[in-house]
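Beneath this line is the structure, given in structure tokens, with notes to follow.
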Amino acid sequence: MTEHPDVSALVAVLGVDIDPTLLRQSLTHRSYSYEHGGVAHNERLEFLGDAVLQLAVTVKLFSDNPDLDEGELAKRRAALVSTVALAEVARGIDLGSFLLLGNGEELTGGRNKDSILADTTEAILGAAFVSCGADVARDLVLRLVEPLFNDADRFGASMDPKTSLQELAASHGETPVYTVEHSGPDHAREFTATVRVGDLAKGTGTGSSKKHAEIAAALAAWTALNGK
């Protein structure tokens with residue numbers, strides 16, 4: 001991958017006239033910035049894009065489901081804006097091909113990491129908001145995420161990923177096996193969990209605790225095993 005990837009295919013898929021400088025920034029991971037003199041990376045745009053995503057999904061769920069209570073709406077929103085869901089959206093538009101990554105992330109498979117893909121998706125939404133305004137950004141959210149809205153199985157799995165994976169694995173005669181590693185200092189420890197379901201599926205997830213990392217990994221494996 002060159003340092004200046006041709007983003008014309010991505011622009012065509014997005015269908016939004018994002019300012020080229022902002023689009024490049026949205027695709028720039030912190031690791032690339034560190035190795036290239038501190039160029040602007042995508043974390044501020046990610047912060048904004050998360051808010052754009054949350055609002056668009058919340059309003060659509062509220063409008064489309066007048067019979068659902070607050071708790072059910074919150075659970076569905078969590079499923080739709082989860083790292084796994086956003087990474088799935090990112091893979092659907094081949095977002096990994098356009099990322100600007102540092103050498104370390106490149107060598108460790110950063111182009112296919114759920115966390116990086118999800119964060120970059122949010123950054124693109126933030127860039128769309130700044131470039132084109134709230135309405136265009138909202139429409140982009142719905143266009144990217146809408147295929148997930150009617151997936152009832154996804155909502156159930158997101159509420160209890162480990163149990164859902166256990167049950168789905170059992171239907172294939174398998175049992176999920178988890179491994180967990182950690183890195184970073186004690187005050188900022190990050191856990192990375194990997195779960196395998198025989199040779200059928202594999203999921204990885206990160207979190208600030210072993211429990212959260214395993215939950216993220218379980219949801220990723222469930223998504224893969226369920227053919228989502």
Side-chain angles (χ1 to χ4, degrees), residues 1-55 81-134 136-137 140-141 144-145 181-194 204-209 212-213 216-217 220:
M1 174 61 60
T2 65
E3 291 190 356
H4 300 275
D6 180 1
V7 297
S8 57
L10 177 61
V11 171
V13 170
L14 295 174
V16 176
D17 188 20
I18 298 175
D19 175 82
T21 300
L22 281 175
L23 180 58
R24 177 179 171 83
Q25 182 181 343
S26 73
L27 298 169
T28 302
H29 188 257
R30 174 191 285 271
S31 61
Y32 182 93
S33 172
Y34 178 78
E35 294 179 9
H36 292 79
V39 298
H41 56 73
N42 63 11
E43 291 182 5
R44 279 176 51 85
L45 290 172
E46 174 199 337
F47 170 79
L48 176 60
D50 175 68
V52 173
L53 172 71
Q54 293 275 349
L55 180 58
V81 303
S82 70
T83 297
V84 171
L86 292 180
E88 183 178 338
V89 168
R91 292 188 181 98
I93 59 174
D94 193 26
L95 187 57
S97 297
F98 304 99
L99 301 179
L100 291 168
L101 301 174
N103 289 329
E105 285 293 350
E106 190 77 72
L107 292 172
T108 56
R111 292 187 185 281
N112 198 41
K113 286 184 179 178
D114 282 3
S115 58
I116 291 178
L117 290 172
D119 290 348
T120 305
T121 300
E122 290 181 335
I124 286 174
L125 297 175
F129 182 93
V130 174
S131 293
C132 308
V136 171
L140 178 59
V141 170
L144 292 175
V145 179
E181 299 177 345
H182 58 77
S183 60
D186 290 343
H187 67 277
R189 185 70 44 96
E190 180 176 77
F191 293 82
T192 300
T194 301
T204 59
T206 59
S208 58
S209 70
H212 289 155

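Source: prediction; values computed, not measured. The analysis underlying the following values was restricted to heavy atoms, covering all of them including side chains, and did not include hydrogens, waters or symmetry mates.
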What is the minimum heavy-atom distance between Ser209 and His212, and which atoms define it?
-> OG-N, 3.1 Å

Measuring from Ser26:OG to Leu10:CG, what's the distance to the nearest 0.5 Å?
-> 7.5 Å

Spacing of CD belonging to Glu46 relative to CD belonging to Glu43, to within rounding of 0.5 Å | 6.0 Å

Give a yes or no answer on whether the side chain of Gln25 reaches the backbone of Asn42 with a donor-acceptor pair at less than 3.5 Å.
-> no

Who are the salt bridge (Lys or Arg N to Asp or Glu O under 4.0 Å) partners of Glu35, not counting sequence neighbours?
-> none

Check step by step if side chain to side chain contact (heavy atoms under 4.5 Å, CB included) holds for Leu27 and Leu95.
-> CA-CA 9 Å; Leu27 298 169; Leu95 187 57; 3.8 Å; yes

Residues that His182 engages under ring-ring contact (aromatic ring centres under 6.0 Å, His included), provided they are two or more places apart | Phe191

More than 12 heavy atoms of other groups within 6.0 Å of Arg44 CZ | no

For the side chain of Arg24 and the backbone of Ala40, is there at least one donor-acceptor N/O pair under 3.5 Å apart?
-> no

Is the backbone N or O of Asp19 less than 3.5 Å from a side-chain atom of Ser131, with the two atoms forming a donor-acceptor pair by type?
-> yes

Distance, nearest 0.5 Å, that separates CZ of Arg91 from OG1 of Thr121 | 10.0 Å

Side chain to side chain contact (heavy atoms under 4.5 Å, CB included) between Asp50 and Asp119: does it pass, once the steps are laid out?
-> CA-CA 9 Å; Asp50 175 68; Asp119 290 348; over 6 Å; no

What closest approach, in Å, do Asp114 and Ala87 show between heavy atoms, and which atom pair accounts for it?
-> OD1-CB, 3.5 Å

Take Leu117 and Leu86 through the side chain to side chain contact (heavy atoms under 4.5 Å, CB included) test and state the conclusion after the steps.
-> CA-CA 7 Å; Leu117 290 172; Leu86 292 180; over 6 Å; no

Spell out, as yes or no, whether a donor-acceptor pair under 3.5 Å connects the side chain of Thr204 to the backbone of Ala193.
-> no

Over all atoms of both residues, closest heavy-atom pair of Ser33 and Val39 | OG-O, 2.5 Å

Which heavy atom in Arg111 sits nearest to a heavy atom in Leu99, and how many Å separate them?
-> NH1-O, 3.0 Å

Side chain to side chain contact (heavy atoms under 4.5 Å, CB included) assessment of Glu181 paired with Thr194 | CA-CA 9 Å; Glu181 299 177 345; Thr194 301; over 6 Å; no

Atom CG in Leu101, atom OG1 in Thr108: separation rounded to 0.5 Å?
-> 8.5 Å

Please name the pair of heavy atoms, one in Leu140 and one in Ala128, separated by the smallest distance, quoted to 0.1 Å.
-> CD2-CB, 3.9 Å

Do you know which two heavy atoms are closest between Ile18 and Ala127, and how far apart they sit?
-> CG2-CB, 3.8 Å

Do Asp94 and Val13 come close enough that some side-chain heavy atom pair is under 4.5 Å?
-> no

Salt-bridge test for Glu105 and Lys113: reply yes if a basic N is under 4.0 Å from a carboxylate O, no otherwise.
-> yes

